[in-house]
Asker: 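Structure in structure tokens, see below.
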Amino acid sequence: MENFFAVMVLMAIVATFVCFIGFIVKWITKKPKRRWGLATLISFILIWLCGFLLYAVSCKGDFIEIARAEPTCTTPGEIKYKCEMCGEIKSEPIDALGHDIRIISRIEPTETLDGEIVRQCSRCGYEQVEKVEKLIVESTEPTPPPANSKGTEEETTSNPQQEPESTESEQVDTSVSYEEIYRAYKENELRADDSYKNNRYQITAKINGMSTGGLFNLTGGATLTMEIRIDNTIVFFYAEFEKEQEDALKTISVGDTITFEGECLSAGTWVDCELIQ
Ligand SMILES: [Zn+2]
Ligand SMILES: [Zn+2]
């Protein structure tokens with residue numbers, strides 16, 4: 001319909017124009033006399049017809065939504081509408097959503113290491129990493145030597161009788177979650193090693209499998225395959241339990257969710273684990 005009216009209007013405009021030119025030509029070559037009035041009348045009628053057709057062309061149909069592009073964090077979306085009657089298409093923009101920033105990991109600064117706050121957008125994964133300057137200590141007291149598990153290992157080898165005591169006294173940092181460690185290792189293994197390797201942490205996860213053989217278990221005990229859900233990913237890792245944990249291990253089954261303490265070798269490998277519950 002739209003096209004039909006457009007053609008009509010075009011024809012009317014052309015007709016008016018031709019008529020007008022004809023009138024001018026006649027006016028120049030001959031004296032217009034009474035034809036002047038007729039030509040004006042015809043032009044007038046044609047122009048009026050044009051106006052009517054233009055009005056008819058402006059469709060009054062309803063616009064219905066035919067397509068929609070959802071906006072993302074950074075790009076705007078768009079809704080496309082189509083006129084039910086004439087098929088005219090128009091679009092309307094939707095503003096970009098902006099990032100939904102949340103803190104996903106936070107490493108507190110120490111006196112020797114910078115801290116770090118990692119923020120991530122929950123929708124698109126956009127990440128911001130913010131450095132936190134290391135702590136400035138103004139005290140004149142000598143700083144105590146940092147708790148180093150290598151040191152404890154040397155101690156334990158020199159006094160084998162005290163082994164159970166020293167494992168118990170090893171510090172467990174309960175403020176750090178597995179998720180935090182996992183993300184740090186995913187981001188940068190070397191940096192994560194600095195922060196987490198050889199430290200003990202407490203982890204709660206589900207047992208996916210249990211094996212008592214293999215390379216890890218030459219001295220007895222068991223290796224558990226653990227699973228933990230981080231965002232929409234199921235992350236698997238190994239937790240090696242020593243022989244003295246065998247009795248405790250008999251109380252748990254695959255599928256159970258357990259809490260244990262272990263020494264981190266990487267996000268995927270934990271040794272010297274002890275069952276807590
Ligand atoms: Zn329309
Ligand atoms: Zn985003």
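Just follow the structure's listing: the first ligand is 1, and inside any ligand the first atom is 1. Quick caveat: nothing in here was measured; it's all calculated off a predicted structure.
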Asker: Taking only Lys NZ, Arg NE, NH1 and NH2, and the carboxylate oxygens of Asp or Glu, determine whether E187 and R183 approach each other closer than 4.0 Å.
Answerer: no
Asker: Below 2.8 Å, which protein N, O or S atoms neighbour the Zn ion (ligand 1), ignoring water?
Answerer: C59 SG, C83 SG, C86 SG
Asker: Just so I know, are the side chains of L113 and K134 near enough to count as touching, which here means a heavy-atom distance under 4.5 Å?
Answerer: no
Asker: Once rounded to 10°, what is the value of the angle centred on the Zn ion (ligand 2) between C124 SG and C73 SG?
Answerer: 110°
Asker: Please name the pair of heavy atoms, one in G77 and one in P71, separated by the smallest distance, quoted to 0.1 Å.
Answerer: N-CB, 3.4 Å
Asker: Salt-bridge test for R102 and D100: reply yes if a basic N is under 4.0 Å from a carboxylate O, no otherwise.
Answerer: yes
Asker: Does E108 come within less than 4.0 Å of R106, counting only side-chain N to carboxylate O?
Answerer: yes
Asker: Given E263, which of R200, E274, E240 fulfils the side-chain contact (heavy atoms from CB on, under 4.5 Å) condition?
Answerer: R200
Asker: By atom name, which N, O or S atom of H99 is the nearest to the Zn ion (ligand 2)?
Answerer: ND1
Asker: Can the positive tip of K82 be found less than 6.0 Å from the middle of the six-membered ring of F63, inside 45° of the ring normal?
Answerer: no
